[in-house]
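Here the structure is a predicted model, which means the values were calculated and not measured.
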Amino acid sequence: MRNYPLVGYFRYFLESIRPELRQYFWESDTDGRPFNRRQRSIVYQRAKNQRETVAFGMQSDPQAVGNEWAAHSIFPVHIEDHNLRTTVGNSACKQPYSLSVFNISAMSYGALSRTAITALNKGAALQNFAHNTGEGGISQYHINGGDLIWQVGTGYFGCRDEHGYFEPNLFREKSTRPYVKMIELKLSQGAKPGHGGILPAAKNTPEVAAIRHVVPGTDVMSPPAHSSFKTPVEMMHFIQQLRELSDYKPVGFKLCIGDKQEFIEICQAMQETQIMPDFISIDGSEGGTGAAPLEFTDNLGMPLYDALAFVTTTLINFGLKKHIKIIVSSRIVTGFDILKVIALGADACYSARGMMFALGCIQALKCNEDVCPVGVATQQPHLYKGLNVDDKYVRVAQFHRNTLRATVEIMEACGFNSLEEVNADKFFRKVDSQNTLSFQDIYFKNTGKLVNNRSDFASEVFD
């Protein structure tokens with residue numbers, strides 16, 4: 001800047017638009033991260049009800065390490081019902097919920113704009129699937145007819161006292177509302193496990209602060225850990241408290257797997273207390289967030305498939321899987337993504353960034369700067385007013401409907417009559433230049449045959 005100021009300014013200008021230049025001019029259709037152009041395009045096409053077929057064959061290399069595929073059947077089946085659902089709620093639950101296999105993942109009002117949250121909730125209502133509130137609490141924009149999964153994080157936003165501790169009466173008042181269908185206790189998330197959420201001061205408007213019961217205009221940090229419990233046994237009793245306060249609606253918890261032994265101890269606490277959550281949400285380390293330290297995003301937490309396979313086998317070995325549904329999130333945008341996690345033991349899944357694409361997200365990577373150019377992740381009125389709710393909520397619903405249609409078409413091609421028939425030995429990955437293995441061999445080779453991902457088996461999994 002001192003020696004060549006004109007060149008310096010020009011360099012900074014080019015650097016500022018480097019992501020856009022790379023995305024629109026130099027990236028191939030399969031290169032982009034965290035989502036490539038083909039993945040983004042299929043969401044846009046399905047959200048707009050446009051043609052979604054491709055021409056001239058596959059662009060990816062079928063011989064590349066990591067390539068995945070499913071075994072089709074020469075005797076395809078026909079599935080009449082495209083409304084794929086699973087019932088969440090074990091014997092301790094008095095208000096079980098019929099959950100779609102594809103739902104809106106946790107994204108708080110504050111992180112997302114009022115128009116984005118409104119469009120998501122109205123889309124969920126139109127297509128009858130669930131909308132996770134995120135840990136920021138229930139806002140007026142969440143109440144547009146869609147079913148809610150209320151996420152309660154370490155900050156207890158929406159159900160906290162003036163000191164930031166859990167407030168049972170506030171929780172009871174909100175959790176018993178008819179549009180709240182399930183309660184999710186957040187322990188950690190994949191993009192920043194063990195760190196806690198961050199709401200920048202720029203996004204913490206007086207309205208957001210009133211919803212969260214915090215001071216407006218300040219950076220809001222969710223604590224890394226909960227103050228209501230310190231051990232797995234205490235956590236089970238807290239889950240039981242949430243269950244009772246909510247009039248026995250489905251209650252579960254969300255986490256990113258790190259230390260395997262800690263999850264094993266949670267399962268032991270379930271057996272000891274005989275208190276079992278109705279569901280467990282698993283977030284992979286590849287999960288997204290509006291803001292996180294680089295080291296946490298890139299280097300902490302277990303990837304989704306490894307975590308899901310571990311949780312599935314652990315729950316089965318403890319005899320708990322039949323009581324607990326598994327919900328997963330992390331880069332799920334297509335029907336093939338859905339069926340892969342179902343094959344590894346999931347019962348349903350969330351999508352956050354897929355639903356953002358349906359709203360018009362262009363992967364500008366500015367979620368943490370409050371300058372989202374399409375009005376999704378911002379609290380600036382001149383930006384979020386550009387998001388047309390009446391148009392975007394229909395696109396969210398169409399993305400959901402068309403993705404489930406694609407999921408059913410794959411199931412039919414593979415000969416699966418129902419989700420219970422989707423199994424790990426029908427999905428394959430090229431693991432090196434010479435070998436291709438099934439998901440069964442990759443993830444469950446030490447556990448024996450995983451029958452329909454639902455039956456208990458006796459084997460040693462902790463080696």
Participant: Side chains of F102 and C349: closer than 4.5 Å at any heavy-atom pair?
Facilitator: yes
Participant: Less than 4.5 Å apart, side chain to side chain, heavy atoms only: is that true for I342 and T407?
Facilitator: no
Participant: Kindly say whether the aromatic ring centers of F166 and F171 come within a distance under 6.0 Å.
Facilitator: yes
Participant: Donor-acceptor pair, distance only, cut-off 3.5 Å: does the side chain of T205 make one with the backbone of V208?
Facilitator: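 Yes, T205 side chain to V208 backbone: donor-acceptor pair under 3.5 Å.
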Participant: Among residues at least two apart in sequence or on other chains, which ones pass salt bridge (charged side-chain N to carboxylate O under 4.0 Å, His left out) with E412?
Facilitator: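 None.
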Participant: Does a sphere of radius 6.0 Å around NE2 in H82 hold more than 12 heavy atoms from other residues, nucleotides or ligands, not counting ones at 6.0 Å or beyond?
Facilitator: yes
Participant: Checking Q434 now: which residues fulfil side chain to side chain contact (heavy atoms under 4.5 Å, CB included) with it, not counting sequence neighbours?
Facilitator: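 Q434 satisfies side chain to side chain contact (heavy atoms under 4.5 Å, CB included) with D432 only.
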Participant: Quick check for you: to the nearest 0.5 Å, what is the distance between T436 atom OG1 and I442 atom CD1?
Facilitator: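 It comes to 9.0 Å.
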Participant: Residues two or more places apart in sequence or in another chain: which of them pass ring-ring contact (aromatic ring centres under 6.0 Å, His included) with Y305?
Facilitator: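 In terms of ring-ring contact (aromatic ring centres under 6.0 Å, His included), with neighbours along the sequence ignored, Y305 is linked to no residue.
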Participant: Counting distance only, does the side-chain N/O of T154 pair as donor-acceptor with the main-chain N or O of P223 below 3.5 Å?
Facilitator: yes
Participant: Do the side chain of S41 and the main chain of R38 share a donor and acceptor less than 3.5 angstrom apart?
Facilitator: no
Participant: With a 4.5 Å limit on heavy-atom distance, are the side chains of M182 and D278 in contact?
Facilitator: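 No - every pair of side-chain heavy atoms lies 4.5 Å or more apart.
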Participant: Do you know the tightest heavy-atom contact between P277 and G252?
Facilitator: CB-CA, 4.0 Å
Participant: Return the set of residues passing salt bridge (charged side-chain N to carboxylate O under 4.0 Å, His left out) with R114 (not counting sequence neighbours), or none when no residue passes.
Facilitator: E207
Participant: Who passes salt bridge (charged side-chain N to carboxylate O under 4.0 Å, His left out) against R429, sequence neighbours left out?
Facilitator: E68
Participant: Please check: side-chain N/O of N121 versus main-chain N/O of G146, any donor-acceptor pairing under 3.5 Å?
Facilitator: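 It does hold such a pair.
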Participant: Spell out, as yes or no, whether a donor-acceptor pair under 3.5 Å connects the side chain of T312 to the backbone of L344.
Facilitator: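 Side chain of T312 to backbone of L344: a pair is present.
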Participant: Please list all pairs meeting salt bridge (Lys or Arg N to Asp or Glu O under 4.0 Å) that have one or both residues in residues 155-177, counting only residues at least two apart or in different chains.
Facilitator: E173-R177
Participant: Could you list the residues that satisfy ring-ring contact (aromatic ring centres under 6.0 Å, His included) with H142, not counting sequence neighbours?
Facilitator: H131
Participant: Among Q189, E184, E135, find the one that has a side chain to side chain donor-acceptor pair (under 3.5 Å) with Q151.
Facilitator: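 Going through Q189, E184, E135 one by one, the side chain to side chain donor-acceptor pair (under 3.5 Å) with Q151 is satisfied by E184 alone.
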Participant: Between R40 (side chain only) and F35 (backbone N and O only), is there a donor and an acceptor less than 3.5 Å apart?
Facilitator: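 A pair under 3.5 Å: yes.
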Participant: Ignoring hydrogens and angles, tell me if any N or O in the side chain of S113 forms a donor-acceptor pair with the backbone of G375 under 3.5 Å.
Facilitator: yes
Participant: Output the distance between atom NZ (K122) and atom CD1 (I143), rounded to the nearest 0.5 Å.
Facilitator: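 Reported to 0.5 Å precision, the distance equals 14.0 Å.
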Participant: Between F336 and A70, what is the shortest heavy-atom contact and its length?
Facilitator: CE1-CB, 3.9 Å
Participant: Is there a side-chain contact between V251 and F238, using heavy atoms and a 4.5 Å cut-off?
Facilitator: no
Participant: Could I get the full list of side chain to side chain donor-acceptor pair (under 3.5 Å) partners for H226, not counting sequence neighbours?
Facilitator: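 H226: side chain to side chain donor-acceptor pair (under 3.5 Å) contacts with Y156.
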Participant: Just by distance, do the side chain of N144 and the backbone of A119 share a donor-acceptor pair under 3.5 Å?
Facilitator: no
Participant: Keeping to residues at least two apart or across chains, list the salt bridge (Lys or Arg N to Asp or Glu O under 4.0 Å) pairs with something in residues 329-338.
Facilitator: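 Applying salt bridge (Lys or Arg N to Asp or Glu O under 4.0 Å) to every pair that reaches into residues 329-338, excluding sequence neighbours, yields D337-K340.
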Participant: Please examine the side chains of M302 and S285, heavy atoms only from C-beta on, and report whether any two atoms are closer than 4.5 Å.
Facilitator: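 S285 does not reach M302 side chain to side chain.
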Participant: Can you find a heavy atom in the side chain of Q127 that is under 4.5 Å from one in the side chain of S100?
Facilitator: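 No; the side chains remain at least 4.5 Å from each other.
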Participant: Checking T378 side chain against Y384 main chain: does a donor-acceptor pair fall under 3.5 Å?
Facilitator: no
Participant: Taking atom types as modelled, find out whether N132 and S105 have a side-chain donor-acceptor pair closer than 3.5 angstrom.
Facilitator: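 The criterion, which ignores hydrogens and geometry beyond distance, is not satisfied for S105 and N132.
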Participant: So L99 and K325, do their side chains get closer than 4.5 Å, heavy atoms only?
Facilitator: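 No - every pair of side-chain heavy atoms lies 4.5 Å or more apart.
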Participant: For F357 versus V43, what's the shortest heavy-atom pair and its separation?
Facilitator: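 F357 and V43 have their closest heavy atoms at CB-CG1, 3.5 Å.
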Participant: Can you tell me how far the OG1 atom of T118 sits from the OH atom of Y109, to the nearest 0.5 Å?
Facilitator: 8.5 Å
Participant: Sequence neighbours excluded and cut-off under 3.5 Å, please list the side-chain donor-acceptor pairs for residues 392-399, or say none.
Facilitator:
unit_1 : atom_1 : unit_2 : atom_2 : d
K392   : NZ     : L359   : O      : 3.4
R395   : NE     : D391   : OD1    : 3.4
R395   : NE     : D391   : OD2    : 3.4
R395   : NH2    : D391   : OD2    : 3.4
Q398   : OE1    : N49    : ND2    : 3.2
Q398   : NE2    : A47    : O      : 2.5

Participant: Measure the SG-CG distance between C372 and L387 for me, rounded to the nearest 0.5 Å.
Facilitator: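 Nearest 0.5 Å value for the SG-CG distance: 8.5 Å.
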Participant: Could you tell me whether K260 sits above the aromatic face of F310, with NZ or CZ closer than 6.0 angstrom to the six-membered ring centre and within 45 degrees of the axis?
Facilitator: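 Here K260 passes the 6.0 Å and 45° test against F310.
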Participant: Any donor-acceptor pair under 3.5 Å linking the side chain of N204 with the backbone of D219?
Facilitator: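 Not at all, since once roles are kept as given, no pair shorter than 3.5 Å links the two residues.
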Participant: Who pairs with E52 by salt bridge (charged side-chain N to carboxylate O under 4.0 Å, His left out), at least two apart in sequence or on another chain?
Facilitator: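 Applying salt bridge (charged side-chain N to carboxylate O under 4.0 Å, His left out) to E52 gives R46, R405.
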Participant: Would you mind reporting whether L112 and L120 have side-chain heavy atoms less than 4.5 Å apart?
Facilitator: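 In contact.
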Participant: At what distance, to the nearest 0.5 angstrom, does OG1 of T313 lie from CZ of F444?
Facilitator: 6.5 Å
Participant: The criterion is side chain to side chain contact (heavy atoms under 4.5 Å, CB included); which residues satisfy it with K181, sequence neighbours excluded?
Facilitator: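 With neighbours one apart ignored, the set is Y97, D147.
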Participant: Using the rule given for side-chain contact (heavy atoms from CB on, under 4.5 Å), can you reason through F428 versus N67, listing the C-alpha separation, both sets of side-chain angles and the distance that settles it, and then say yes or no?
Facilitator: CA-CA 8 Å; F428 297 84; N67 183 62; over 6 Å; no
